[in-house]
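To keep things clear, I will list the structure first and then write my remarks on it.
Atom set for the values below is all heavy atoms of this structure, side chains included, hydrogens, waters and symmetry mates excluded. Counting begins at 1 with the first residue of the sequence.
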Amino acid sequence: MEYRIYHTIKEIVKHAEDTYGSCDAVRYKTGKDTIEAKTYRQIGKDSRHFSDAFEKLGQQGAHIALIGVTSYPWLVSYFGIVNGGSVAVPLDVALPAEELCELMRRADVTMLVVDDIRKDVVVAAKNTCPSLQYIVSMGKEPAEGCLSMKELLAQNAEDIRVENTESTRAENAKGTDTEKEIDPDALCTILFTSGTTGKSKGVMLTQRNLAENATCLDMKIEENAVILSVLPIHHAYCLSMDILKGFSVGSTICINDSLMRVARNIQLFRPQIMLMVPLMIESLAKKLEAAEGLPAEVVKEKVFGAQFHTIFSGGAYLNPDYIDLFARYGISVLQGYGMTECAPVIATTVAWNQKKDSVGQLLPNCEAKTVDGELWVRGSSVMQGYYKMPEETKTALKDGWLCTGDLGYVDEERFIYLTGRKKNLIITKNGENVSPEELENKLSSSRLVQEVLVREAKGVIEAEIYPDEEYAKKQGLEREEEVRVELQKLIDEYNQGAPAYKKIYSLIIREKEFEKTASRKIKRY
């Protein structure tokens with residue numbers, strides 16, 4: 001089948017339903033080892049019914065919040081919202097109720113679709129979100145005062161059945177959701193940045209932003225590939241590359257129900273592809289390293305299954321050594337780079353064209369340049385701006401160019417190389433610029449370092465390290481002082497080859513992990 005670029009999410013869903021109708025679109029667990037599935041035809045039909053329900057409630061074009069874990073009802077809700085001409089506001093299900101209500105107020109939300117696990121949000125929203133007109137529960141037992149998603153879907157299915165008589169079929173067809181035109185440049189999703197610093201911002205993404213970002217590059221993913229989705233569904237990377245990209249090529253999206261059960265769920269769903277952040281890749285790498293000495297094919301079968309072949313990595317820096325490690329087991333690790341403001345992918349690696357030290361090659365719909373060391377990008381994936389934050393929008397967008405805040409450059413073959421974040425730069429007393437990420441990447445190449453944060457403290461560069469306790473014990477380092485000695489040796493080795501202004505003069509050892517954002521990035525401040 002000829003590869004095609006789509007300009008709206010509705011086009012992607014319609015193509016998937018028409019082309020892969022009877023194939024499984026989504027698989028999910030209903031018990032420890034039991035799986036159920038929904039086809040592309042089912043999700044297409046259910047999402048259309050939900051679009052009709054929003055319209056009948058007067059919510060077409062409204063801002064509708066979506067709070068829940070990755071699930072079939074979440075996907076039906078999202079497609080029902082955006083394919084019906086409304087604006088989806090997916091929010092992090094793990095946030096406190098008070099913070100979720102603040103984000104809903106800031107996004108001018110008039111309707112909330114929520115998972116039963118957050119009944120506390122329902123209570124808080126009723127009290128603190130005066131603009132909220134309806135609350136719909138995705139679960140089987142809606143809280144008091146909530147509409148039932150299941151009942152809304154059933155009611156709209158019945159309405160269509162009754163209306164769709166021979167005498168009215170032609171007339172009704174003109175007004176059905178399938179015939180409604182969707183403007184590719186219409187706002188369809190507001191995603192709040194998790195923010196490693198400062199106040200989160202509502203990124204305004206259009207139909208074109210998301211649809212073209214997901215489909216502008218043919219990555220040669222086989223039709224009907226099985227994908228295990230492990231990242232948070234409200235995160236742009238998961239939404240674009242797991243869901244929209246997956247739907248465009250007829251993939252089967254398997255839902256991971258817990259980060260604690262990733263290894264078990266790999267064995268249950270037998271995926272071919274997974275999208276991960278580096279912390280997850282590092283965790284799986286430990287399993288491979290623990291089995292060193294055994295035949296590669298035996299280890300791969302035990303950890304992933306023989307069918308598994310690709311990991312897409314994004315969200316943070318990945319040590320290139322892991323690419324070589326996984327390659328020994330016949331697994332390609334393809335690194336990418338992006339940000340929510342770019343829907344989110346800016347560059348990605350493909351299996352047939354790689355440069356190990358690069359974060360990837362620019363997507364076909366994107367161009368880049370460097371301005372005073374900072375990477376600027378432009379293209380059809382770039383956001384409209386930040387919702388109701390004109391000053392922040394003006395700072396981020398310059399004549400159509402998105403100022404990424406990342407330090408780096410693009411080479412003549414359109415590969416991107418990053419050196420750090422502009423806002424994280426350490427300015428030393430003698431005026432030298434030091435990128436903390438550069439130092440963190442060097443230190444994290446040691447297996448003893450699980451997490452590290454480099455910063456300026458009292459006029460010197462300081463490294464705060466959370467050691468890998470399991471690895472330390474395997475190396476016979478039982479006492480904290482023994483770990484400190486080894487970490488100091490690591491810093492001393494680094495300092496020997498570093499210029500004076502980049503040397504690390506202070507070491508702090510943490511007893512617990514750093515606090516992180518929903519996308520698993522360390523919060524710096």
Side-chain angles (χ1 to χ4, degrees), residues 1-27 37-48 70 72 74-76 78-83 88 90 178 182 184-186 188-189 191 205-229 231 233 235-255 271-275 309-312 314 334 336 338 342-351 360-361 363-366 379-381:
M1 182 182 296
E2 184 180 350
Y3 189 82
R4 186 180 156 196
I5 298 172
Y6 297 93
H7 311 292
T8 68
I9 294 171
K10 190 169 188 173
E11 289 175 357
I12 294 174
V13 176
K14 186 175 188 311
H15 156 76
E17 185 179 1
D18 290 346
T19 310
Y20 310 109
S22 61
C23 300
D24 287 353
V26 184
R27 291 178 187 153
K38 298 288 186 181
T39 67
Y40 277 101
R41 192 169 290 123
Q42 286 173 298
I43 198 167
K45 181 185 70 174
D46 286 344
S47 62
R48 281 194 299 280
T70 307
Y72 178 73
W74 195 103
L75 293 172
V76 168
Y78 180 77
F79 289 134
I81 294 167
V82 300
N83 292 347
T178 53
I182 295 291
D185 296 313
C188 82
T189 303
L191 291 173
L205 298 174
T206 66
Q207 291 272 347
R208 187 187 305 278
N209 289 156
L210 286 160
E212 291 190 11
N213 189 265
T215 65
C216 71
L217 176 65
D218 182 2
M219 301 184 75
K220 311 299 181 189
I221 296 172
E222 63 266 45
E223 285 189 315
N224 307 123
V226 178
I227 297 172
L228 180 61
S229 183
L231 297 179
I233 190 69
H235 193 267
Y237 191 33
C238 176
L239 181 60
S240 176
M241 299 309 291
D242 267 353
I243 309 303
L244 299 182
K245 185 73 165 182
F247 268 55
S248 75
V249 293
S251 300
T252 297
I253 315 295
C254 302
I255 296 172
Q272 293 154 290
I273 298 169
M274 289 177 71
L275 197 74
H309 57 71
T310 303
I311 294 172
F312 290 101
L334 304 177
C342 215
V345 182
I346 293 170
T348 191
T349 305
V350 288
Q361 193 173 31
L363 290 187
N365 71 332
C366 190
S380 65
S381 296

Open item on the list: Quick one, Leu363 and Ile346 - any side-chain contact, counting heavy atoms below 4.5 Å?
Closed with: no
Task: Test side-chain contact (heavy atoms from CB on, under 4.5 Å) applied to Tyr6 and Leu244, step by step - done: CA-CA 10 Å; Tyr6 297 93; Leu244 299 182; over 6 Å; no
Task: Expected output: side-chain Asn213 to main-chain Cys342 donor-acceptor under 3.5 Å - done: yes
Task: Side-chain donor-acceptor contact under 3.5 Å, Ser248 with Tyr3 - done: no
- [ ] Return yes if some donor-acceptor pair links the side-chain N/O of Ser47 with the main-chain N/O of Ile43 below 3.5 Å, else return no.
- [x] yes
- [ ] Locate the shortest heavy-atom distance separating Ile221 from Ala225; write the atom from each residue and the value.
- [x] CG2-CB, 4.1 Å
Open item on the list: Please give me the minimum heavy-atom distance between Cys23 and Asn224, naming the atom from each residue.
Closed with: SG-ND2, 3.7 Å
Open item on the list: For Lys14, is there any backbone N or O sitting under 3.5 Å from a side-chain donor or acceptor partner on Glu17?
Closed with: no
Open item on the list: Return the CG to OG1 distance between Asp242 and Thr70, rounded to the nearest 0.5 Å.
Closed with: 8.5 Å
Task: Minimum-distance pair of heavy atoms, taken over all atoms of Ser240 and Pro344 - done: CB-CD, 3.5 Å
- [ ] Can you measure from OG1 (Thr19) to CZ (Arg4) and round to the nearest 0.5 angstrom?
- [x] 9.0 Å
Open item on the list: Can you see whether Asn365 engages Ser380 through a side-chain donor-acceptor pair at a distance of less than 3.5 angstrom?
Closed with: yes
Open item on the list: For the residue pair Tyr20 / Glu223, report whether a side-chain donor-acceptor contact shorter than 3.5 Å exists.
Closed with: yes
- [ ] Mind checking the CD1-NZ spacing from Ile182 to Lys10? Nearest 0.5 Å is all I need.
- [x] 4.5 Å
TODO: Any chance you could lay out the side-chain contact (heavy atoms from CB on, under 4.5 Å) test for Glu222 and Gln272, step after step, and finish with the verdict?
DONE: CA-CA 10 Å; Glu222 63 266 45; Gln272 293 154 290; 3.1 Å; yes
Task: From CG (Leu239) to CD1 (Ile233), nearest 0.5 Å - done: 6.0 Å
Task: Pair Ile12-His15, side-chain contact (heavy atoms from CB on, under 4.5 Å): steps then yes or no - done: CA-CA 5 Å; Ile12 294 174; His15 156 76; 5.8 Å; no
Open item on the list: Donor-acceptor pair, distance only, cut-off 3.5 Å: does the side chain of Glu11 make one with the backbone of His7?
Closed with: yes
TODO: Determine, step by step, whether Ser229 and Cys238 satisfy the side-chain contact (heavy atoms from CB on, under 4.5 Å) criterion, reporting the C-alpha distance in whole Å, the side-chain angles of both residues, the deciding distance to 0.1 Å, and the verdict.
DONE: CA-CA 8 Å; Ser229 183; Cys238 176; 3.5 Å; yes
Task: Heavy-atom check, side chain of Val350 versus side chain of Leu334, under 4.5 Å - done: no
Task: salt bridge (Lys or Arg N to Asp or Glu O under 4.0 Å) contacts in which one or both residues fall within residues 207-217, not counting sequence neighbours - done: Asp185-Arg208, Arg208-Glu212
Open item on the list: Whether the side chain of Gln207 engages the backbone of Ile9 through a donor-acceptor N/O pair (distance < 3.5 Å, no angle test) should be reported.
Closed with: yes
Open item on the list: Angle between ring planes, Tyr237 versus His235, binned at 30° and 60°: parallel, tilted or perpendicular?
Closed with: perpendicular
TODO: Kindly give the heavy-atom pair with the smallest separation between Pro364 and Leu217, and that separation in Å.
DONE: CD-CB, 3.9 Å
TODO: Indicate yes or no for a side-chain donor-acceptor contact from Lys245 to the backbone of Ala214 under 3.5 Å, with no hydrogens or angles considered.
DONE: yes
Task: Between SG on residue Cys254 and CE on residue Met274, distance to nearest 0.5 Å - done: 10.0 Å
Open item on the list: Which heavy atom of Ala236 sits nearest to which heavy atom of Leu191, and what is that distance?
Closed with: CB-CD1, 3.7 Å
- [ ] Verify, without hydrogens or angle tests, whether Ser251 (side chain) and Phe247 (backbone) share a donor-acceptor contact under 3.5 angstrom.
- [x] no
Task: Under 3.5 Å side-chain donor-acceptor pair for Asp24 and Tyr40 - done: no
Open item on the list: Within the 4.5 Å heavy-atom criterion, are Asp46 and Tyr72 side-chain neighbours or not?
Closed with: yes
TODO: Check Leu231, Thr348, Val345, Ile273 against Met241 for a side chain to side chain contact (heavy atoms under 4.5 Å, CB included) and give me the one that passes.
DONE: Val345
- [ ] Please round to the nearest 0.5 Å and tell me the distance separating atom CG of Leu210 and atom OG1 of Thr189.
- [x] 5.0 Å
Open item on the list: Check Lys220 with Asp218, please: is the shortest side-chain N to carboxylate O separation under 4.0 Å?
Closed with: yes
